[in-house]
Amino acid sequence: METAKVVSFIHEDWKNFIVASYVIDGVELQVEFWTGDDICEFENDLMESMEDEINEEESAFECGEDINVDEPIFLCTFQDGRREITNSIAQVLERCLSMSQNGSGEIQSFELIECEDRQEPIHSELWHQVENGEIEVPNFTFYYSVELRTWVVPMEMCSLGGCDTNLIPFDDEQAAYDKAMELTRQGKEQQIGMPCHSCATEYYN
């Protein structure tokens, strides 16, 4: 698996989760997803704290140089207990690979095992443009599927639960939006399709 793909997966997770746990080639990694406000709050707490036990705890952090508060920030806890604050997930993945037993130097497996959702996802500029009517609004929704790890446009919806089905995958948000607009200009709309497996199983059982 390409490191760049895993980096993009985790960056998408930053938009949707407060914290997530992964297993990367057998190495456990917990990531807290921070914004500029979070790092500023952390720095203020560190400066104001005068208690030795808190100072000792905070000193266990490694902080990458020149943290950019306008970019996604990641507080990473490795399975050996080390903690690092960084903008660079690629460097974090390199450390995980150095701790892995596979010895290949490349990511062989990547799994999201636990996560906590944000109350409100962090949306892109394109999403805000659509929501505000600044650009054309398609008849089809388009979004990032955490389960499938790709952007999708759903062509149909489950006739039982209304779940999105018949998903067309895309590499990025712009490509998904462009397809949604192409279908809209063709006069198409999302159709009600067959029940999805999950809803059908629940319904008939």
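Residues: numbered from 1 along the sequence shown. Just so you know, these numbers come straight off a predicted model, no measurement behind them.
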**Student:** Please go through Trp127's hydrophobic cluster and name the other residues, only I, L, V, M, F, W, Y counting, with side-chain heavy atoms under 4.5 Å joining them.
**Tutor:**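 Noted: Trp127 shares its cluster with no other residue.
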**Student:** Mind jotting down which residue pairs meet the salt bridge (charged side-chain N to carboxylate O under 4.0 Å, His left out) criterion with at least one end in residues 159-184? Sequence neighbours excluded, please.
**Tutor:**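 Qualifying pairs: Lys179-Glu182.
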**Student:** Quick check: do Leu126 and Ile135 have side-chain heavy atoms less than 4.5 Å from each other?
**Tutor:**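 Heavy-atom side-chain distance check passes, below 4.5 Å.
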**Student:** Is any side-chain heavy atom of Met155 less than 4.5 Å from a side-chain heavy atom of Ile168?
**Tutor:**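 Side-chain contact under 4.5 Å: yes.
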**Student:** How far apart are the C-alpha atoms of Gln108 and Glu106, what are their side-chain angles, what is the distance that settles it, and do they pass the side-chain contact (heavy atoms from CB on, under 4.5 Å) test?
**Tutor:** CA-CA 6 Å; Gln108 303 296 322; Glu106 298 181 353; 3.9 Å; yes
**Student:** When you look at Asp37 and Glu41, which way does the side-chain contact (heavy atoms from CB on, under 4.5 Å) test go after all the steps?
**Tutor:** CA-CA 6 Å; Asp37 290 341; Glu41 182 179 349; over 6 Å; no
**Student:** Roughly how far apart are Gln191 CD and Asn166 CG, rounded to 0.5 Å?
**Tutor:**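 Rounded to the nearest 0.5 Å, the CD-CG separation comes out at 10.5 Å.
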**Student:** Is it true that, when you exclude Glu131 itself, more than 12 heavy atoms of the residues, nucleotides or ligands shown sit nearer than 6.0 Å to its CD?
**Tutor:**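 Check passes, neighbour count above 12.
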**Student:** Answer whether the closest heavy-atom distance between the side chains of Tyr143 and Pro154 falls below 4.5 Å.
**Tutor:**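 Touching, per the 4.5 Å side-chain cut-off.
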**Student:** Are any non-hydrogen side-chain atoms of Val92 and Val31 less than 4.5 angstrom apart?
**Tutor:**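 Not touching, per the 4.5 Å side-chain cut-off.
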**Student:** I'd like to know whether Val6 forms a side-chain contact (heavy atoms from CB on, under 4.5 Å) with Met1, so could you lay out the CA-CA distance, the side-chain angles of the two residues, the decisive distance to 0.1 Å, and finally the verdict.
**Tutor:** CA-CA 8 Å; Val6 177; Met1 182 179 295; 3.3 Å; yes
**Student:** Give me the atom names and distance for the closest heavy-atom approach of Ser21 to Leu112.
**Tutor:**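 Nearest heavy atoms, Ser21 then Leu112: O-CD1, 3.6 Å.
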**Student:** Answer yes or no: does atom CD of Gln186 have more than 12 heavy-atom neighbours from other residues, nucleotides or ligands under 6.0 Å?
**Tutor:**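 Result for CD/Gln186: enclosed.
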**Student:** Contact between Tyr22 and Val27 at the side-chain level, heavy atoms closer than 4.5 Å - yes or no?
**Tutor:**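 Tyr22 vs Val27: side chains apart.
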**Student:** Is Arg118 close enough and on-axis enough to Phe17, meaning under 6.0 Å and within 45°, for cation-pi?
**Tutor:**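 Judged by the rule, Arg118 and Phe17 form no cation-pi pair.
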**Student:** Rounded to the nearest 0.5 Å, what's the gap from CG on Leu160 to SG on Cys199? Could you check?
**Tutor:**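 Separation between the atoms: 6.0 Å.
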**Student:** For Tyr144 together with His123, are the ring centres under 6.0 Å from each other?
**Tutor:**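 Ring centroids of His123 and Tyr144 are no less than 6.0 Å from each other.
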**Student:** Hey, could you give me the SG/CD distance between Cys76 and Gln91, rounded to the nearest 0.5 Å?
**Tutor:**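 Answer for the SG-CD pair, Cys76 versus Gln91, is 10.5 Å.
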**Student:** Testing the basics here: between Asp25 and Ser100, what is the closest heavy-atom pair and its distance to 0.1 Å?
**Tutor:**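 Minimum heavy-atom separation between Asp25 and Ser100: O-OG, 3.1 Å.
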**Student:** Considering non-hydrogen atoms only, spot the tightest contact between Thr184 and Pro138 and give its length.
**Tutor:**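 What the structure gives for the nearest pair is OG1-CA, 3.4 Å.
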**Student:** Please state whether the rings of Phe74 and Phe33 are parallel, tilted or perpendicular, taking 30° and 60° as the class boundaries.
**Tutor:**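 Perpendicular: the ring planes of Phe74 and Phe33 meet at over 60°.
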**Student:** State, with a plain yes or no, whether a side-chain heavy atom of Phe42 is found less than 4.5 Å away from one of Ile85.
**Tutor:**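 Yes, their side chains come closer than 4.5 Å.
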**Student:** For residues 141-158, which residue pairs qualify under salt bridge (charged side-chain N to carboxylate O under 4.0 Å, His left out), counting only residues two or more places apart or in two chains?
**Tutor:**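 Counting only pairs at least two positions apart or across chains, the salt bridge (charged side-chain N to carboxylate O under 4.0 Å, His left out) contacts touching residues 141-158 are Asp13-Arg149.
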**Student:** Testing the basics here: between Ile73 and Asn68, what is the closest heavy-atom pair and its distance to 0.1 Å?
**Tutor:**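 Shortest heavy-atom separation between Ile73 and Asn68 comes out as CG1-O, 4.0 Å.
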